[in-house]
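Single-structure report; data block below.
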Amino acid sequence: MSENNQEIIVDENRLIAERRQKLAKLRENGNPFPNDFKPKDYSDELHAKYNQFSKEELAEKSIGAVIAGRMMLKRVMGKAAFATLNDAKGKIQAYISKEKIGEDTYESFKHYDLGDILGISGTLMKTKTGELSIDATEVRLISKNLRPLPEKFHGLSDMEQRYRQRYLDLIINDTSKETFIKRSKIIQVIRDTLVNQDYLEVETPMMHTIPGGATAKPFVTHHNALDMPLFLRVAPELYLKRLIVGGLNRVFEINRNFRNEGLSARHNPEFTMIELYESYADYNRMMEITEELVRSSAKASVGSLVFEYQGKEVNLENSFDRLTIVEAILKYNTHLTIEQLNDKEFLKAEIKKLTREVPKTDSLAVLQLQLFEENTEGQLWNPTFILDHPMETSPLARQSDTNPAITERFELFVVGRELANGYSELNDPEDQAARFKQQVEQKDAGDEEAMHYDADYIRALEYGMPPTGGLGIGIDRLVMLLTDSASIRDVIFFPHMRPE
RNA sequence: GGAGCGGUAGCUCAGCCGGUAGAGCAGCGGACUUUUAAUCCGUUGGUCAUGAGUUCGAAUCUCAUCCGCUCCA
């Protein structure tokens with residue numbers, strides 16, 4: 001016996017037992033799961049093509065239709081019935097009369113359950129209230145449902161069940177299905193936009209021997225044959241830049257990252273990022289492409305550059321604000337002055353007031369960043385690029401040519417949340433080696449999130465990496481924004497949950 | 001990790017200052033040939049998250065645990 005041999009969950013009740021009996025009866029009369037019914041039409045196309053015709057016109061045309069879908073509503077009268085079927089594209093009503101389908105089939109149909117998957121062929125008609133319907137000449141059970149669906153009017157609202165049994169959520173809640181269709185469209189338009197600009201989509205390792213590319217705690221796993229630890233990647237950055245060294249020039253990867261942190265409405269341990277790198281570009285070019293990708297995503301999903309997020313308007317029409325950290329603090333906290341923001345002691349006191357913790361750093365730029373995170377970031381509703389990140393917190397970014405304390409880096413904030421992060425890449429191998437050493441010192445001093453020294457990455461840079469711009473966008477957060485979703489769990493099919 | 005809220009029929013919910021549980025939908029049986037959450041009549045269905053405690057008696061009060069949501073760190 002395998003140790004994985006789990007106890008089979010018995011989750012049966014009378015309703016399911018009744019349906020199992022129905023199924024047993026169906027088996028006596030043939031296969032209740034046939035695979036020879038082939039739908040020819042989709043509900044949305046039928047509506048699009050034929051809604052325009054009147055009841056009389058449709059009757060005259062006698063247009064055939066063949067659809068398959070899940071029965072969601074059923075209204076049986078004496079000798080005729082209506083059923084609402086959901087297919088992948090929408091829903092359509094069928095009119096089922098004993099007269100047309102015969103007594104036996106009608107009797108069988110009366111015992112079909114909500115949730116059964118049916119195949120229906122017939123001719124298109126309109127009811128007296130004008131609803132396009134299929135006047136059935138054939139009704140077949142294609143797949144028997146054994147578990148009663150959630151309530152037809154209130155649907156499924158229990159969040160836990162919606163996340164754990166997403167299939168049910170998708171069956172019942174149209175908005176959930178729409179959200180995931182939008183997610184797919186967003187990823188598709190990003191992919192198309194980049195490929196059209198000569199970008200190459202690539203795949204790099206998900207399992208790293210040295211975790212790198214971001215300051216975050218990794219998940220650890222173990223390779224048995226090699227008897228060594230492996231780390232699920234926290235970011236693909238260092239591998240993608242190796243490809244830039246290799247001369248691929250423009251690359252991107254849309255894939256999962258894994259970070260060993262807490263769960264929240266904005267954090268799932270695995271999440272999807274796009275990272276892209278472009279040779280001979282800098283962070284200004286990266287800001288341009290960020291705007292382009294966010295706008296095209298909005299058009300592909302929302303259909304507009306102006307929309308609501310959680311009841312408040314977001315406007316992507318104007319070019320996004322660009323503010324340095326200090327400028328942003330001053331703009332959104334008008335009681336503060338530039339003198340105060342250049343005063344380390346003032347900053348420390350202010351941060352302590354907001355967080356009740358004394359900042360550990362003595363760097364002016366880092367103190368400014370910490371204050372920004374506390375009192376400004378949450379206020380950035382319409383898209384805003386924040387520039388001039390401190391050296392210390394940007395170990396892979398190119399130092400500013402004019403101010404050695406800061407880097408050529410930006411973060412994009414929308415609806416008070418970080419959405420994207422980009423910079424001019426650090427391509428000086430000696431500078432990068434020094435930065436890695438600094439990170440290692442921080443790690444030795446107890447900072448679990450500090451980076452490791454990646455000697456092969458330094459070796460790659462020593463072969464020469466062209467000046468490069470790089471960008472990462474959190475896909476889940478972008479989808480949240482464009483689908484008006486409050487939680488990251490609403491845009492990930494199967495968000496991480498504790499076991500039942 | 002902390003705080004608050006929640007977990008009652010398949011689903012959506014009521015019941016909660018103690019007296020062993022209700023509705024609607026779904027299901028089952030019946031009526032009904034144009035319904036739209038169809039309607040009408042009848043009817044089945046419960047480990048009240050789990051465990052302990054208080055009590056003559058606990059869905060209800062107390063404690064612990066599990067799961068979820070929200071906020072904070």
Side-chain angles (χ1 to χ4, degrees), chain A residues 9-23 25 47 55-56 58-59 70-86 91-103 106-107 109-116 122-136 144-169 171-174 260-268 310 351-352 354-358 370 373-374 378 416 485-490 495-500:
Chain A
I9 302 163
V10 183
D11 173 21
E12 300 273 291
N13 61 39
R14 204 195 76 257
L15 298 173
I16 294 170
E18 272 170 14
R19 294 196 183 189
R20 283 197 193 281
Q21 279 175 17
K22 287 186 187 180
L23 177 59
K25 255 193 179 164
H47 285 295
K55 185 172 161 72
E56 292 71 26
L58 277 178
R70 193 183 296 276
M71 181 161 66
M72 304 302 288
L73 292 170
K74 180 182 163 194
R75 298 174 284 278
V76 180
M77 294 159 294
K79 297 186 178 115
F82 288 94
T84 305
L85 255 62
N86 269 20
K91 51 193 64 173
I92 192 159
Q93 178 172 262
Y95 176 68
I96 294 142
S97 67
K98 192 191 264 188
E99 188 190 342
K100 286 258 173 65
I101 63 167
E103 178 134 18
Y106 190 75
E107 277 311 303
F109 169 79
K110 281 212 284 193
H111 294 97
Y112 291 164
D113 291 298
L114 295 185
D116 285 352
T123 47
L124 291 175
M125 58 168 261
K126 274 201 170 170
T127 64
K128 61 183 184 187
T129 54
E131 176 164 351
L132 186 72
S133 307
I134 298 172
D135 187 4
K144 182 65 192 152
N145 163 300
L146 291 176
R147 290 184 177 268
L149 293 183
E151 212 246 2
K152 63 188 177 188
F153 187 58
H154 297 97
L156 180 66
S157 60
D158 178 46
M159 292 314 285
E160 183 170 357
Q161 209 177 344
R162 290 182 59 194
Y163 296 148
R164 289 195 197 275
Q165 294 178 264
R166 183 67 83 183
Y167 43 89
L168 250 193
D169 184 36
I171 289 170
I172 294 291
N173 294 317
D174 291 343
N260 208 337
E261 295 159 0
L263 297 127
S264 83
R266 284 169 293 286
H267 297 89
N268 196 62
Q310 305 293 295
I351 293 163
K352 194 186 162 194
L354 295 167
T355 64
R356 288 188 215 91
E357 269 175 53
V358 184
Q370 287 183 3
E373 287 170 355
E374 292 305 322
S485 300
S487 171
I488 195 168
R489 299 178 203 100
D490 296 326
H496 186 78
M497 304 284 274
R498 285 194 171 86
E500 282 181 84

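Keep in mind the model is a prediction, meaning the values are calculated, not measured. In what follows, chains carry the letters A, B, and so on, assigned in the order in which the sequence lines appear, proteins first and then strands, with residues in each chain numbered from 1.
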Q) At under 4.0 Å, does any side-chain N or O of A/Arg75 touch on OP1 or OP2 of B/A37? A) no
Q) Among B/U33, B/C11, B/U12, which is the nearest nucleotide to the side chain of A/Ala80? A) B/U33
Q. Quick one: does A/Tyr95 reach the base of B/U33 with a side-chain donor-acceptor pair under 3.5 Å?
A. yes
Using nucleotides 41-45 of chain B, report all nitrogen or oxygen pairs with the protein that are shorter than 3.5 Å.
| from | atom 1 | to | atom 2 | distance (Å) |
| --- | --- | --- | --- | --- |
| B/U44 | O2 | A/Arg14 | NH1 | 3.4 |
| B/U44 | O2 | A/Arg14 | NH2 | 2.6 |
| B/G45 | O4' | A/Arg14 | NH1 | 3.1 |
| B/G45 | O2' | A/Arg14 | NH1 | 3.4 |

Q) Among the nucleotides B/U34, B/C69, B/U12, which one has an atom lying closest to any side-chain atom of A/Asp158? A) B/U12
Q) Contact class for A/Lys128 (heavy atom, under 4.0 Å): base, sugar-phosphate, or nothing? A) base
(Q) Need to verify one output field. Residue with the more 5' nearest nucleotide on RNA chain B, A/Arg19 or A/Ser97? (A) A/Arg19
Q. Do the charged groups of A/Glu18 and A/Lys22 touch, with an N to O distance under 4.0 Å?
A. no
Q | A/Asp135 side chain near A/Leu124 side chain, heavy-atom distance below 4.5 Å | A | no
Q. Expressed as a whole number of Å, how far does the C1' atom of B/G1 sit from that of B/C56?
A. 43 Å
Q) Separation of A/Lys126 atom NZ from B/U35 atom C1', in whole Å? A) 17 Å
Q) Given B/G68, B/G24, B/G29, which nucleotide is nearest the side-chain atoms of A/Arg164? A) B/G68
Q: From the options B/G68, B/U35, B/A26, select the nucleotide whose nearest atom is closest to the side chain of A/Arg498.
A: B/G68
Q) Whole-Å distance between B/C25 P and A/Phe153 CZ? A) 12 Å
(Q) Under 4.0 Å, heavy atoms only, any strand: does A/Met125 hit a base, just the sugar-phosphate, or nothing? (A) base
Q) Is any N or O donor-acceptor pair between the side chain of A/Glu131 and the base of B/U35 shorter than 3.5 Å? A) no
Q | Value in whole Å for how far the P atom of B/A37 lies from CD1 of A/Ile172 | A | 15 Å
Q. Taking C-beta and beyond as the side chain, do A/Pro150 and A/Leu168 meet within less than 4.5 Å on heavy atoms?
A. yes
Q) What integer distance in Å separates A/Glu500:CD from B/G7:C1'? A) 13 Å
**Q.** Under-4.0 Å side-chain N/O to phosphate OP1/OP2 contact, A/Ser157 with B/C13
**A.** yes
Q) Any idea which of B/U35, B/U12, B/C67 is nearest the A/Phe82 side chain? A) B/U35
Enumerate the protein-to-nucleotides 70-73 of chain B contacts in which both atoms are nitrogen or oxygen and the separation is below 3.5 Å.
| from | atom 1 | to | atom 2 | distance (Å) |
| --- | --- | --- | --- | --- |
| B/U70 | OP2 | A/Arg489 | NH1 | 2.9 |

Q: Please check the phosphate of B/C25 (OP1 and OP2 only) for any side-chain N or O of A/Lys152 closer than 4.0 Å.
A: no
Q | Separation between the C1' atoms of B/C16 and B/A38, rounded to whole Å | A | 36 Å
Q: Using side chain to side chain donor-acceptor pair (under 3.5 Å) as the criterion, list what pairs up with A/Asp158, not counting sequence neighbours.
A: none
Q. Is the shortest side-chain N to carboxylate O distance from A/Asp113 to A/Lys74 below 4.0 Å?
A. no
Q: Among B/U34, B/A37, B/C11, find the nucleotide with the atom closest to the side chain of A/Thr127.
A: B/U34
Q. Just how far is it from atom CD of A/Glu160 to atom CD of A/Glu500, taken to the nearest 0.5 Å?
A. 7.0 Å
Q) How many Å lie between CE on A/Met77 and P on B/A38, as a whole number? A) 11 Å
Q) With rounding to whole Å, what would you report as the distance between B/A64 and B/U54 at their C1' atoms? A) 15 Å
Q) Looking at the side chain of A/Gln93, which of B/U36, B/U12, B/A37 is the nearest nucleotide? A) B/U36
Q: May I ask you to say what A/Lys22 touches in the nucleic acid, namely base, sugar-phosphate or nothing, with a heavy-atom cut-off under 4.0 Å?
A: sugar-phosphate
Q. So what does A/Leu149 touch, heavy atoms closer than 4.0 Å: a base, only the sugar-phosphate, or nothing?
A. nothing
(Q) Can you check the distance between B/U62 and B/G18, where both ends of the measurement are the P atom (answer in whole Å)? (A) 12 Å
Q.
As a test of reading the structure: which of B/U35, B/C69, B/C11 is closest to the side chain of A/Met159, going by heavy atoms?
A. B/C69
Q: Kindly say if A/Gln161 contacts the phosphate of B/C11, meaning a side-chain N or O under 4.0 Å from OP1 or OP2.
A: yes
Q: Look at the side-chain N and O atoms of A/Lys110 and state whether any lies under 4.0 Å from the OP1 or OP2 oxygen of B/C28.
A: no
Q. Over how many whole Å does the gap from A/Glu99 atom CD to B/C32 atom C1' extend?
A. 16 Å
Q: Kindly compute the distance separating CG (A/Leu146) from CD1 (A/Ile16), expressed to the nearest 0.5 Å.
A: 7.5 Å
